[in-house]
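To start, the structure under review is shown below, and the notes come after it.
What you see is a predicted model; the values in this text were computed from it and never measured.
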Amino acid sequence: MAESLQKIITKLKEMIDLNGWSYLTEEPYKVYQELLQNGEIDRKTAGLILYALVNDVQKEAKPGGDSVALSKEIQRRCSLNKKSADYLSAVFLNLYSKENEKSWKEKNLEGLSQFLAEEFVCTWEGAAVWDDGNGTVDCDYHAEITLSPCEDVVPDQNLSQLLKKNPFMTKEAIHQYYEKELRQYLDGEFEEYCTCDDYYQPVVEDFEIEYYVSEWCGKHGFEMVSCDGDGGDGGYEPKFRKGWY
């Protein structure tokens with residue numbers, strides 16, 4: 001194990017900072033793969049870490065814990081020699097230090113708090129095709145939307161699950177989550193608006209973007225600050241032109 005102890009500890013802490021403190025326990029093989037990615041850590045050392053994780057050694061490491069006692073527990077669980085067990089004991093006791101534990105507690109749901117304190121800005125590009133069987137109309141819509149999260153924001157079940165798995169989600173990641181949700185909702189409503197009538201071409205510019213955004217806000221705990229949009233179409237395009245045989 002030629003790698004320095006600090007290199008291993010730093011890499012593992014980066015993984016926890018990004019993915020949450022349960023990441024090492026829930027995704028040990030991904031941890032192993034990430035350790036090998038840059039070629040800085042050899043396969044033997046990465047494999048040793050993997051073996052320790054699948055045996056839940058990390059759960060026994062407590063801030064200020066006894067390194068000798070942890071080494072003995074590692075030897076018992078993993079059937080490793082004292083040298084390897086001592087190395088792993090040093091890795092996990094330094095990783096789960098009082099300083100790191102404090103920083104993780106401070107990061108807990110920090111991204112959510114930051115997200116809720118700012119306005120949510122999103123652009124949306126809608127596209128749909130109306131088809132009467134003889135021709136088509138390409139419909140498009142562009143909107144700039146600004147929302148404000150309510151103090152009593154409606155809990156989102158999917159987001160709650162993501163935060164439970166990774167309470168260190170950044171405000172950017174939460175923004176991307178809601179942006180995707182809003183865009184998918186508007187995509188569906190625009191598609192329905194443009195294609196609901198088989199016989200009458202849709203008036204795209206009459207798509208009530210503010211109404212639909214307000215509906216989404218009410219279900220997800222946001223207030224609409226502004227919503228500006230405009231749409232149009234490329235004109236009717238016959239499927240069969242004169243002279244086409």
Side-chain angles (χ1 to χ4, degrees), residues 6-35 37-38 40 49 53 56 58-59 61-64 91-125 143-188 212-228:
Q6 190 56 48
K7 185 183 294 184
I8 298 288
I9 295 166
T10 299
K11 184 63 178 176
L12 292 174
K13 184 177 183 300
E14 288 174 354
M15 294 183 200
I16 294 176
D17 288 343
L18 182 63
N19 302 291
W21 49 50
S22 63
Y23 184 68
L24 302 191
T25 297
E26 295 180 353
E27 303 288 354
Y29 190 68
K30 287 184 179 179
V31 173
Y32 169 74
Q33 291 177 313
E34 287 186 51
L35 288 174
Q37 272 182 358
N38 297 325
E40 297 179 358
I49 298 294
L53 293 178
D56 288 333
Q58 67 280 7
K59 294 181 180 180
K62 309 297 181 184
V91 167
F92 289 113
L93 286 180
N94 280 278
L95 176 63
Y96 295 102
S97 65
K98 292 180 179 180
E99 181 181 2
N100 287 346
E101 288 282 346
K102 180 181 177 181
S103 73
W104 290 327
K105 286 180 180 179
E106 291 173 349
K107 282 171 60 70
N108 190 52
L109 299 181
E110 181 182 47
L112 178 62
S113 297
Q114 292 173 345
F115 175 81
L116 295 176
E118 300 177 356
E119 289 187 340
F120 172 78
V121 180
C122 174
T123 60
W124 170 66
E125 301 287 344
E144 300 281 346
I145 303 163
T146 301
L147 310 177
S148 177
C150 301
E151 289 186 6
D152 57 342
V153 61
V154 177
D156 183 288
Q157 186 174 1
N158 291 333
L159 180 62
S160 295
Q161 289 297 319
L162 291 172
L163 288 169
K164 184 177 180 181
K165 184 175 182 179
N166 180 14
F168 303 157
M169 277 184 73
T170 64
K171 67 178 181 180
E172 292 80 11
I174 296 172
H175 184 286
Q176 290 173 3
Y177 168 80
Y178 276 115
E179 190 171 55
K180 181 180 178 181
E181 290 290 305
L182 177 55
R183 286 174 174 170
Q184 287 182 338
Y185 167 78
L186 292 175
D187 284 346
Y212 292 110
V213 171
S214 294
E215 284 284 300
W216 186 89
C217 285
K219 295 177 181 178
H220 292 83
F222 288 83
E223 292 181 354
M224 186 169 63
V225 177
S226 65
C227 181
D228 300 311

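Ring-plane geometry between Trp216 and Phe120 is classed as parallel, the angle between the planes falling under 30 degrees on a 0 to 90 degree scale with a further cut at 60.
Inspection of the Tyr178 and Asp156 side chains reveals no N or O donor paired with an N or O acceptor under 3.5 Å. For the residue pair Asp17 and Trp104, a side-chain donor N or O sits within less than 3.5 Å of a side-chain acceptor on the partner.
Ser97 places no side-chain N or O within donor-acceptor distance of the main-chain N or O of Leu93, the cut-off being under 3.5 Å. Under the 3.5 Å distance criterion, the side-chain polar atoms of His175 are matched with a main-chain donor or acceptor of Val121. In this structure, the side chain of Asn100 does not engage the main chain of Tyr96 through any donor-acceptor pair within 3.5 Å. In terms of modelled atom types and a separation under 3.5 Å, the side chain of Asp228 and the main chain of Glu144 share no donor-acceptor contact.
One distance of note links CD1 of Ile9 with NZ of Lys11; it measures 14.5 Å at 0.5 Å rounding. Taken from CG in Leu95 to CD1 in Ile8, the straight-line distance is 11.0 Å, to the nearest 0.5 Å. The CG atom of Leu162 lies 7.0 Å from the CG atom of Asn158; values are rounded to the nearest 0.5 Å. With rounding to the nearest 0.5 Å, the separation of CD in Glu223 from OG1 in Thr146 is 13.5 Å. Ile145 contributes atom CD1, which lies 9.0 Å from atom OG of Ser226 (distance to the nearest 0.5 angstrom). Remark: Ile16 CD1 to Ser22 OG distance equals 9.0 Å, nearest 0.5 Å.
Remark: Gln184 CD is packed, more than 12 non-hydrogen atoms of other residues, nucleotides or ligands lying under 6.0 Å away.
Taking every heavy atom of both residues into account, Gly20 and Asn166 meet most closely at N-OD1, 3.0 Å. Cys122 and Arg183 get closest at one heavy-atom pair: SG-NE, 3.9 Å. Smallest separation of non-hydrogen atoms from Pro63 and Lys98: CB-CG, 3.5 Å. Pairing each heavy atom of Val91 with each of Ile49, the nearest pair is CG1-CD1, 4.3 Å.
Residues Glu34 and Lys30 are not paired through a salt bridge, judged by the lack of any N-O separation under 4.0 Å between the basic side chain and the carboxylate.
Take Asp187 and apply the salt bridge (charged side-chain N to carboxylate O under 4.0 Å, His left out) test, not counting sequence neighbours, and it matches no residue. Listed by chain and residue number, nothing satisfies the salt bridge (charged side-chain N to carboxylate O under 4.0 Å, His left out) test with Lys105 (two or more places apart in sequence, or in another chain). By the salt bridge (charged side-chain N to carboxylate O under 4.0 Å, His left out) test, Lys171 pairs with Glu118, sequence neighbours left out.
Counting heavy atoms from C-beta outward, Tyr185 and Glu215 have side chains that approach closer than 4.5 Å.
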